Every structure is written in C-alpha cells, then in structure tokens.
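Inspection log for the structure reproduced underneath, given as structure tokens.
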Amino acid sequence: MSRGIEAFIAGLPKAELHVHHVGSASPRVVAALAARYEGRTAVPADPEALAEYFTFTDFAHFIQVYLSVVDLIRDAEDVRALTYGVAEDMARQQIRYAELTVTPYSSVRRGIPDVAFMEAIEDARKSAERDFGVVLRWCFDIPGEAGLASAEETARLALDVGADGLVSFGLGGPEIGVPRPQFKPYFDRARAAGLHSVPHAGESTGPETIWDALRSLGAERIGHGTQAVKDPALMDHLGEHRIPLEVCPTSNLATRVVERIEEHPIRQMVDAGLLVTVNSDDPPMFGTDLNTEYAVAAKLLGLDTAGVAGLARNAVEASFLDQGGKAKLTGEIDAYLAAWDRT
Ligand SMILES: [Zn+2]
C-alpha cells in the first residue's frame, strides 16, 4: 500500500479558501450543462474535447474560456446543480470547509432572478452539508472587468438580497487596467455590514496592487499575492499583521504568472514567516484539484506529513470559521496526522 505524501494528502481533512464557483465545475458538470445547451454554446459537451478547450495560453485566454462557461449557467437549476456538483467533488478530496467565491452579478445579469439565484446556492449549500458533510460559505466577488456598475450590483446582491452563507466580499477578474482603489466605496459598505474583505491582488500586477488592496479595500486576506515577494516592506507588513495569502500554484503557472512551477515564490513566502494557504482557484480548468496543489506545495517546500498538516492548519486559521469550527477542524487534522504516524 502506498504510504507516500499523496496518500497522506488524499485523506487529510482540509479547508479551501480560494476557489471559484463556475471555475470549479468539473468536466462532468460542464459537459452536462453544455449538452443541455447544444447548438447554443461554443463549449464542447465531450469531456476529452473539453480538456483541450481548457488548455490555456495566457491570462486573457483563461478569462475568455471562463466567461464561456459562465454562459452555461442560464437558470436557477443550473446554479443549484453546479454548486451541489462542486461540493460533491470537494467531499471526494476530504475538503471539509470551503469559502466558495461566487459571482452573482454574472448570473443575474444573464436573467436569473436574484432571489432564485440565492435560493439555488442556499439549497445546494444545505444539501451538501447534509449529504457530504461539506460546509460551504460564500464570498461574493465583483468581476473587475465589468466595471463599477458590476460593483454596485454585487454590493446590492450581497447586502440587500443576501444569502445566509455569505461571509465575505471579493474582487476578481483581470488586474491590468482595473485599479483596486476605485472599488473602495463598495468594500466600505460591505465591511460596514460585517462582511470580510478578500480581494484578488498581486496576481498579474505588482506589489503596489497588494498595497492598494490593503489600504483602499481593507483586505483581510490576499487572493494570490504572488508578487508580494518583490517588495520587502510589503512582506514585513503581511508578516507583522499576519495577513494570509491565498496561494494557487498551478493557477499561476496556467495563466503564466510564473513561467515554471519551480519559480513560484511560495518558498520565499514561507521562509519570510507569512501565513500561506494553498488553494486551487479554478481547479478543473487548470487540470488540478486541491490535493494536487498540496502535493505541488509539498514538493516546492520540501514538506513531510507534519509540514503538510501545517499547511492544512494554516487554511483553518486563515478561514472565517468561528472559533468552535476552527478548533473542530484543527482537531480533525491533528488526529489524522497522529493516526498516520502511529501506523
Ligand atoms: Zn481567483
């Protein structure tokens, strides 16, 4: 029987903090949706053709493919099936808790009524917890490329319509040409309503974007933060304030944020004492999953089982679970490590 690090990771209870709703749709889910809309979508319904379709050349291409999958989410039943299917895939990887980034603006703009959208994700959340033991929470994010109108609408959807599982407010999409500070008023409102601030920053643009996210948007965690290592003062700040980074190694490779995985700066982040979490971002689109990302990180960082368990604990610490939930999940991680070491 294999006792390798992959086997350890496969059974390790985990939390995931940076993973996108539509971007988590597995080929199985996407194929089913594409088949439903055959003749009315460019997305192939055949899983093998899908894999080819999902092979990226650059960040702009990724956004283009991502948006074409967004286009398959056309009614509330699509939303419910997608969300439930994503949770099912998480359960298979022993993900116990996930903060799933949802972009309700995209679906509502396409004609899904806002209340029906919220009911669909909430129904899936409750079913997933009951059926798979996966606890889901939502981050509603502004699709930055859609501009300030999308920010206004996302704030309305978060604050006026709302969903019981909503814990945070985010900002995704491309960074180039989409300055973070313009979104300050919307983050101010979300934070005043008790939502946590978790914008993407420093993925495809430099450390100044991370400073903007911290100063203008009150970021409590940084989505990616890959470029932070280029600014020693920023690294000090992130370490001092224990602001977690949501690191997504394979995503950074797929979108050419790094040219080779060996060049990923995760090691510098860990060596600087930052609170590093490992995440999958848009896993099937990048040909990965959270377990694979843990294996990639373990290799880059030279971790043994205790080290990998430490990464899992980091994600729990950086999550927006309450103290009881954190203690429970950390206890599961510790028990799993202890049992592994005994056998
Ligand atoms: Zn992301």
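One-based numbering, in listed order, for ligands and for the atoms of each. Numbers here are sequence positions counted from 1. Not measured: the values here are computed from a predicted model.
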- [ ] Examine distances only and state if a side-chain atom of D231 and a backbone atom of A233 form a donor-acceptor pair shorter than 3.5 Å.
- [x] yes

Open item on the list: Using a 3.5 Å distance criterion without hydrogens, assess whether the side chain of Q93 forms a donor-acceptor pair with backbone atoms of L290.
Closed with: yes

Task: Residue-atom pairs from the protein, N, O or S only, that lie under 2.8 Å from the Zn ion (ligand 1) - done: H18 NE2, H20 NE2, H200 NE2, D281 OD1

Open item on the list: By the definition side chain to side chain contact (heavy atoms under 4.5 Å, CB included), identify the one residue from I73, T101, V70, V79 that meets it with H21.
Closed with: V79

TODO: Would you please indicate if the ring centroids of Y84 and F132 are separated by under 6.0 Å?
DONE: yes

Task: Six-ring centre of F169, R189 cation under 6.0 angstrom, axis tolerance 45° - done: no

Open item on the list: Below 30° counts as parallel, above 60° as perpendicular, anything between as tilted: where do the rings of H200 and H20 land?
Closed with: tilted

